[in-house]
Amino acid sequence: MKPYLRKIISKSLNQFNLSQKETPEIQLEKPNEPAHGDASSNIAMKLAGTLRDNPRNIAQKIVAGLEYDAKKVAAVEIAGPGFINFRYANTYLYDELATVLAQHSSFGQTDSLQGQKILLEFVSANPTGPLTVGHGRNAVLGDTIARLLEWTGAEVDREYYFNNAGRQMRVLGQSVRARYLEELGEDAAFPEGGYEGEYIKDIAHALVEEHDKDLADTDDISPFKEKAESLIFDDIRQTLERMNIEMNSYFNEHELYEDGSIDETVKTLRKKGLAYDKEGATWFKTTEFGKEQDTVLIKSSGEPTYRLPDIAYHANKLNRGYDQCIDIFGADHIATYPDVLSGIKVLGYDPEKVDVVVYQFVTIVKEGKPFKMSTRKANFITLDELMDEVGADVTRFFFLMRSPNTHLEFDIAQAKEAGEKNPVFYLQYAHARIHSILRKVEEEYDFTDDPLLDLLTHESEIQLIKTMIRFPEMIQSAAESREPHRLINFLNDLASDFTGFYHDCRILGEEKQLVQARATLARAVAQVLANGLGILGINAPEQM
RNA sequence: GCGCCCGUAGCUCAACUGGAUAGAGCAACGCCCUUCUAAGGCGUAGGUUACAGGUUCGACUCCUGUCGGGCGUACCA
């Protein structure tokens, strides 16, 4: 509908003989006041400056020049300082309702990103411990954005990037070794800053079962490290699967060393004069890109910092032919990605193709107090524990409810009592309730003719249809802005409008044709709820 | 110190990216189950959108400053 309105407005604007430059973008929005119609344009106000005329006069002229199809638009009004308000015709609403049913499980899909290949990198937690509630926001956000992009036509690959070398993993190996020796009854000094979690003991135990005492005398920590990595990764994969997340690939940072791209990256940076040696380390001249200080790429120990492989990794991704690469980062990485963008630009790639979604931290509230998590200190709540308590649906919903850009407060106690009052149930309940009604309708009626949708004239029915048909537009905006919470807000509105309809309009027991029309409407709503919940990765049960 | 993000109802958060009278959910209070699921609905109360300026037809949204919180500013990831 909006494209149609834009078209007719644009046509009417021809009367002013505006140049390309003078023609503002025609914005249409849904007024929050129903009295202001179904769509509203501020175009007259935008033009007031260039046309040097009163906005209401301009609006008059635009409206006078509008040619529209009465089957789509019922009325056009001028209101307030110069808004042009459109009211949709019911025939248009019935057509759209029919479209929902015709497209069923694909209603809401668009082709705006058709042909685009996107690589979405997320989670990317190193295998040093189980996924915690802190990782949850990243995981769920990434997966849901991927789903949104798929609904707008893109082909999305989900990738998990990790690094199994370096100091962290060394300490992990040492921690496992200490627990291993401990279990064998030998004296073992636990490494300073080691990983204290119970899961380390489980790994050690597995090693004892597998190798008995054979590893006790070796100084090599790699068997400990490798076992830890493999068991922890098994656990991570399982957690992700439970959350309805499936990765297409796991990318080991190590590959970048093996294929020489790390060396290549440094070489190129040097050649461009953007990398140099100082005090035994290799530095990246980030001051050239507006940073206050240069940053270290390779430490004097010879070990690269994470920035270097990060740059090489992004080059690698773009090299694989993706039109766009999206990263999901926590706020703590905010300072690093400008360096990555600078780096790949130097390497000859288009930084515009890299998009970073930064989400703010999750504050865990436990027993009414903020709770600081640390994987190392074993101060954490795992995603598995959370899902044991509230299930995967609530877990996903909780992380998606809020804008990525705000701090998310996660109250453990509140999440636990979620069975009673969690908002996700409101959506699932509406869906289940519709199916319950539809089951009864099927039992009692046998329809042979097509439904007469124009019997749907009640205010609640019209309202419900209007909300429902905004679905594709919502997906579009949620995908573009990478803000899944918009979809949740929309589904809440839809469920709420359905409940209004449910109270105002009975289905069972009415005259047969009306039963059919209303059941058809209800079916369409259930379809949209199911599609929306599907994008969120949440179940849409037919019974609760 | 500097950079990024945030500050909206008692609490947790929305507000279609500059639109018309700032909305939900919890919590509080008062109603509504012989009618398709009360995991629901209706109503009441709750606000100087942190504060002070500015930009314009119009500001929660943009610009400047102040205060408060988070994150970063590492030869840690």
Side-chain angles (χ1 to χ4, degrees), chain A residues 27-33 35-36 40-42 45-46 48-49 54-56 79-83 85 124-126 128 163 166-169 193 278-283 290-293 295-307 310 330-336 338 358-361 363 365 401-411 414 419-426 428-430 432-441 444 470 473-474 477-478 480-481 483 485-486 488-490 492-493 496 499-500 502-510 515 518-519 522 543-544:
Chain A
Q27 288 178 22
L28 286 162
E29 66 168 11
K30 178 187 128 28
N32 36 26
E33 183 64 48
H36 295 147
S40 176
S41 177
N42 60 0
M45 277 114 85
K46 284 261 148 96
N54 167 329
R56 286 194 70 108
F83 290 104
N85 296 336
S124 297
N126 286 339
T128 57
N163 146 23
R167 201 184 56 85
Q168 275 189 355
M169 292 299 290
K278 192 177 91 181
E279 295 160 6
T282 305
W283 297 70
K291 278 248 173 167
E292 276 184 32
Q293 299 163 9
T295 26
V296 172
L297 287 174
I298 303 173
K299 303 184 231 173
S300 47
S301 65
E303 237 175 337
T305 65
Y306 63 95
R307 242 167 264 254
D310 261 7
D332 55 343
H333 282 70
I334 205 154
T336 91
V358 175
Y359 62 91
Q360 298 299 313
F361 266 37
T363 311
V365 177
M401 254 172 15
R402 258 88 243 209
S403 155
N405 215 10
T406 58
H407 297 269
L408 173 66
E409 187 157 309
F410 203 122
D411 190 323
Q414 197 186 318
E420 281 295 306
K421 52 188 153 193
N422 197 285
V424 68
F425 291 112
Y426 187 72
Q428 295 183 320
Y429 181 57
R433 187 184 248 174
I434 294 171
H435 277 277
S436 162
I437 297 169
L438 291 177
R439 280 191 294 271
K440 291 191 171 128
V441 169
E444 296 178 28
R470 280 170 46 217
E473 194 184 308
M474 283 314 304
S477 85
E480 274 170 15
S481 60
E483 292 183 342
H485 75 285
R486 294 190 189 201
I488 289 192
N489 290 155
F490 167 81
N492 270 320
D493 286 348
S496 165
T499 311
Y502 173 81
H503 279 88
D504 294 341
C505 305
R506 279 195 65 80
I507 297 178
L508 258 44
E510 296 288 343
V515 172
R518 286 183 173 166
Q543 239 168 319
M544 292 193 79

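Computed from a predicted model, the values in this text were never measured in an experiment. Protein chains get the first letters and strands the later ones, always in sequence-line order, with residue 1 at the start of each.
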Looking only at side-chain N and O atoms, does A:Q293 come under 4.0 Å of OP1 or OP2 in B:A74?
-> yes
Give the rounded distance in Å between these two atoms: CG of A:L408 and P of B:C11.
-> 17 Å
A:R439 CZ to B:C36 C1': how many Å, rounded?
-> 11 Å
Looking at every strand, decide which applies to A:E483 at a 4.0 Å heavy-atom threshold: base, sugar-phosphate, or nothing.
-> base
A:R402 has its side chain closest, among B:U12, B:U37, B:A77, to B:U12
Any N/O donor-acceptor pair, A:Y429 side-chain to B:A39 base, under 3.5 Å | no
Does B:U44 have a Watson-Crick or wobble mate here (both distances under 3.5 Å), and if so which one?
-> B:A28
Whole-Å P distance, B:A22 and B:C16 = 14 Å
Ring stacking, A:F83 with base of B:A20, under 5.5 Å and under 30°?
-> yes
Rounded distance [0.5 Å steps], CZ in A:F490 versus CD in A:E473 | 9.0 Å
Residues in side chain to side chain contact (heavy atoms under 4.5 Å, CB included) with A:T295, at least two apart?
-> A:F284, A:T286, A:R307, A:D339
Of the candidates B:G19, B:U17, B:U21, the side chain of A:E33 sits closest to B:U21
Taking atom C1' in both B:A27 and B:G46, what distance in whole Å separates the two?
-> 11 Å
Output all residues satisfying side chain to side chain contact (heavy atoms under 4.5 Å, CB included) with A:T406, sequence neighbours left out; order by chain, then residue number.
-> A:R402, A:S403
Which is true for A:S496 with a 4.0 Å heavy-atom rule: it touches a base, it touches only sugar-phosphate, or it touches nothing?
-> nothing
Side-chain N or O of A:K278 closer than 4.0 Å to phosphate OP1/OP2 of B:C75 | no
Go ahead and name the base partner of B:C33; Watson-Crick or wobble counts if both distances stay under 3.5 Å, otherwise write none.
-> none
Rounding to the closest angstrom, what is the interatomic distance between B:U21 and B:U49 at atom C1'?
-> 15 Å
Hey, could you give me the CD1/CZ distance between A:I434 and A:R439, rounded to the nearest 0.5 Å?
-> 11.5 Å
Mind checking the C1' distance from B:U48 to B:C31? Whole angstroms is fine.
-> 33 Å
Answer yes or no: is there a donor N or O on one side and an acceptor on the other, between the side chain of A:N126 and the main chain of A:T128, under 3.5 Å?
-> no
Separation between the P atoms of B:G25 and B:G40, rounded to whole Å = 10 Å
Whole-Å gap separating C1' (B:G72) and CZ (A:F361) = 10 Å
In whole Å, what is the span from the CG atom of A:L297 to the P atom of B:A77?
-> 12 Å
Of A:E444, A:R506, A:E510, the residue whose pairing with A:V515 passes side chain to side chain contact (heavy atoms under 4.5 Å, CB included) | A:E510
A:F490 atom CZ is separated from B:G23 atom C1', nearest whole Å, by 17 Å
Counter-base of B:U8, judged by Watson-Crick or G-U geometry with both distances under 3.5 Å | none
Using a 4.0 Å heavy-atom cut-off across all strands, classify A:N85 as base, sugar-phosphate, or nothing.
-> base
Please confirm whether any donor atom in the side chain of A:D332 sits under 3.5 Å from an acceptor in the base of B:G72, or the reverse.
-> no
Could one point to a donor on the side chain of A:N32 or the base of B:A14 with an acceptor on the other under 3.5 Å away?
-> no
Measure the OH-CG distance between A:Y306 and A:N163 for me, rounded to the nearest 0.5 Å.
-> 12.5 Å
Considering only atom C1', compute the distance from B:C71 to B:C76 and round it to an integer number of Å.
-> 16 Å
Heavy-atom donor-acceptor pair, A:T128 side-chain to B:A77 base, under 3.5 Å = no
Walking RNA chain B from its 5' end, the first of A:T295 and A:M401 to be reached, judged by nearest nucleotide, is A:M401
Classify the nucleic acid contact of A:A331 as base, sugar-phosphate or nothing, counting any heavy atom under 4.0 Å across all strands shown.
-> sugar-phosphate
Roughly how far apart, to the nearest Å, are B:A24 and B:A45 at atom P?
-> 14 Å
Expressed as a whole number of Å, how far does the C1' atom of B:C5 sit from that of B:A9?
-> 23 Å
Watson-Crick or G-U wobble partner of B:G53, both distances under 3.5 Å | B:C63
Tell me what A:E279 touches on the nucleic acid: a base, only sugar-phosphate, or nothing, going by heavy atoms under 4.0 Å.
-> base
Rounded to the nearest Å, what distance is computed from the NE2 atom of residue A:H485 to the P atom of nucleotide B:A24?
-> 17 Å
Donor/acceptor link under 3.5 angstrom from A:R486 side chain onto base of B:U17 = yes
Measure the spacing between CG of A:L408 and OH of A:Y359 and express it to the nearest 0.5 Å.
-> 11.0 Å
Treat primed atoms plus P, OP1 and OP2 as sugar-phosphate and everything else as base, then score nucleotides 3-8 of chain B 5' to 3': B for base contact with protein heavy atoms under 4.0 Å, S for sugar-phosphate contact only, - for none.
-> -SSS--
Could you state the CZ-P distance from A:R307 to B:C75, rounded to the nearest angstrom?
-> 9 Å
Would you confirm whether A:H36, through its side chain, and A:N32, through its main-chain N or O, come within 3.5 Å as a donor-acceptor pair?
-> no
Straight-line distance of A:M474 CE to A:I488 CD1, nearest 0.5 Å | 11.0 Å
Under 3.5 Å, side chain of A:T282 to main-chain N/O of A:I298, donor-acceptor pair present?
-> no
Report which part of the nucleic acid A:R167 touches: base, sugar-phosphate, or nothing (heavy-atom distance under 4.0 Å, all strands).
-> sugar-phosphate
If only side-chain N and O atoms of A:K299 are considered, is one of them under 4.0 Å from the OP1 or OP2 phosphate oxygen of B:A77?
-> yes
Base orientation of B:C33, chi within 90° of 0 counted as syn, else anti, reads syn
Within this structure, what is the NE2-to-C1' distance between A:H503 and B:U35, rounded to whole angstrom?
-> 11 Å
Could you tell me whether A:N163 contacts a base, only the sugar-phosphate backbone, or nothing, with contacts defined as non-hydrogen atoms closer than 4.0 Å?
-> sugar-phosphate
Contact class for A:S403 vs. all strands (heavy atom < 4.0 Å): base, sugar-phosphate, or nothing?
-> sugar-phosphate
State whether A:K440 places a side-chain N or O below 4.0 Å from either non-bridging phosphate oxygen (OP1 or OP2) of B:U37.
-> yes
Just call it for A:S436: base, sugar-phosphate, or nothing, with non-hydrogen atoms closer than 4.0 Å on any strand.
-> base
Just to confirm, is there a sub-4.0 Å distance from OP1 or OP2 of B:A38 to any side-chain nitrogen or oxygen of A:R433?
-> yes
Proximal nucleotide (of B:A20, B:C13, B:A14) relative to the A:E409 side chain = B:C13
Syn or anti for B:U17, please, going by whether the chi angle lies within 90° of 0.
-> syn
Look up atom CG in A:D310 and atom OG1 in A:T305, then write down how far apart they are to the nearest 0.5 Å.
-> 8.5 Å
Find the partner of B:C71: check Watson-Crick (N1-N3 plus N6-O4 or O6-N4) and G-U wobble (N1-O2, O6-N3) distances, both under 3.5 Å, and reply none if neither fits.
-> B:G3
Which residue, A:P304 or A:Y426, contacts RNA chain B at a nucleotide closer to its 5' end, judged by nearest heavy atom?
-> A:Y426
